[in-house]
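This report concerns only the one structure given below.
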Amino acid sequence: MEKLPGLFYLRRNVLHVARDLLGKIVITNKDGIITSARIVETEAYAGVLDRASHAFGARRTNRNEVMYGDGGRAYIYLCYGIHHLFNVVTNVEGIPHAVLVRAAEPILGIEVMLERSGKQKLDKTLTRGPGNFSRALGIYTSDNGIALDSKVLSIVDDGFKFPRRDIHASPRIGVDYAGVDAQLPYRFYIKGHPNVSGKPA
DNA sequence: GAGTAGATCCTCT
DNA sequence: GAGGATCTACTCA
């Protein structure tokens with residue numbers, strides 16, 4: 001159970017980081033309440049050349065400023081006025097790459113996650129989809145910019161690995177507005193996993 | 001099971 | 001002033 005080293009996030013290829021995050025565990029510690037979940041679905045956002053990214057065309061605003069810093073921090077923003085989306089910033093300072101965590105498998109603090117989500121009992125939707133994932137783990141825009149080896153929010157490796165053959169790539173979800181870039185196979189997921197969003201493959 | 005509308009608010013133009 | 005890296009519930013079949 002070790003926190004991922006800084007070098008993990010600083011790598012140049014955001015696709016590798018997105019793929020390698022599968023199977024890792026996100027842990028949050030909010031007011032002493034610990035929840036954790038294993039990542040089963042991610043999407044890569046390749047910075048200035050990627051129409052689906054907030055940083056396309058080197059756009060730099062208060063909102064996406066975090067993406068321009070060193071990898072290893074959280075970029076969290078509000079989508080559709082309702083959903084807090086959790087991203088992992090990658091690459092070195094000046095290159096705004098990020099990986100969106102889309103889905104995970106609940107591990108610790110399931111009761112708390114159910115309470116946060118207003119659910120009565122555990123079902124597959126608890127941490128399925130980026131909005132649900134963030135809500136269950138108690139991740140909000142107020143956590144934007146936080147380091148991923150911090151006490152409140154961290155990502156660890158417990159040695160678990162999904163079989164290579166179960167890791168698949170596909171076009172990203174919900175980015176139709178990005179034109180040709182919407183077709184890029186930048187989404188990585190565990191084939192057949194119940195917590196993966198979208199239609200079963 | 002498939003398709004669609006509505007929620008809801010911050011951010012950027 | 002428009003629209004979004006979404007989710008849910010509802011309709012219709």
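Hydrogens, waters and symmetry mates are skipped; everything else that's a heavy atom, side chains included, is used. Proteins come first, then strands; the chains are lettered A, B, ... in the order of their sequence lines, and each starts at number 1.
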As a check on the pairing definition, encode DNA chain C in dot-bracket form, counting Watson-Crick and G-U wobble pairs whose two distances are under 3.5 Å, and using | for partners outside this strand.
||||.|||||||.
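At least one donor-acceptor pair under 3.5 Å links the side chain of A:E43 to the backbone N or O of A:I173. Side-chain atoms of A:D70 come within 3.5 Å of backbone atoms of A:E93 as a donor-acceptor pair (strictly under, hydrogens ignored). Judged purely by atom type and a 3.5 angstrom limit, A:N87 has no side-chain atom pairing as donor or acceptor with the backbone of A:V89. No side-chain donor-acceptor contact under 3.5 Å links A:R172 to the backbone of A:R187. Listed for the A:Y177 side chain is a donor-acceptor partner under 3.5 Å among the backbone atoms of A:A52. Remark: side-chain polar atoms of A:D143 are paired, donor with acceptor, to backbone N or O of A:Y140 under 3.5 angstrom. Without hydrogens or angle criteria, A:S134 side chain to A:I139 main chain gives no donor-acceptor distance under 3.5 Å.
Straight-line distance from the CG atom of A:L85 to the C1' atom of C:dC7: 11 Å, rounded to whole Å. Computed from coordinates, the A:Y80 OH to C:dT6 C1' distance equals 6 Å when rounded to whole Å. Rounded to whole angstrom, the span from the NE2 atom of A:H84 across to the P atom of C:dA5 amounts to 15 Å. Rounded to an integer number of Å, the gap from A:L100 CG to C:dT6 P is 8 Å. Between A:R172 atom CZ and C:dG4 atom C1' there is a gap of 15 Å when expressed in whole angstrom units. In this structure, A:K124 atom NZ and C:dT8 atom P are separated by 15 Å, rounded to whole Å. We find that OH of A:Y177 is positioned 12 Å from C1' of C:dT6, with the value rounded to whole Å. Summarising the geometry, the separation between CG on A:L78 and P on C:dG4 is reported as 14 Å, rounded to the nearest angstrom.
Between C:dC7, C:dA5, C:dT8, one nucleotide has an atom nearer to the side chain of A:K119 than all others, and that is C:dT8.
When the side-chain nitrogen and oxygen atoms of A:R102 are compared with OP1 and OP2 of C:dT6, one or more of them lie within a distance under 4.0 Å. For the pair A:H54 and C:dA5, the criterion of a side-chain N or O lying under 4.0 Å from OP1 or OP2 is met.
Remark: A:R51 CZ is loosely packed, at most 12 non-hydrogen atoms of other residues, nucleotides or ligands lying under 6.0 Å away.
Comparing the P positions of B:dA5 and C:dG3 gives a spacing of 16 Å, expressed to the nearest Å.
Boundaries of the chain A contact region on DNA chain B are B:dA7 to B:dT13, first to last in 5' to 3' order (nucleotide atom under 4.0 Å from a heavy atom).
Sorted by first and then second residue, the ring-ring contact (aromatic ring centres under 6.0 Å, His included) pairs with a member in residues 143-164 of chain A read A:F160-A:F162; sequence neighbours excluded.
The ring of A:Y45 lies on top of the base of C:dA5, close enough and flat enough: under 5.5 Å between centres, under 30° between planes.
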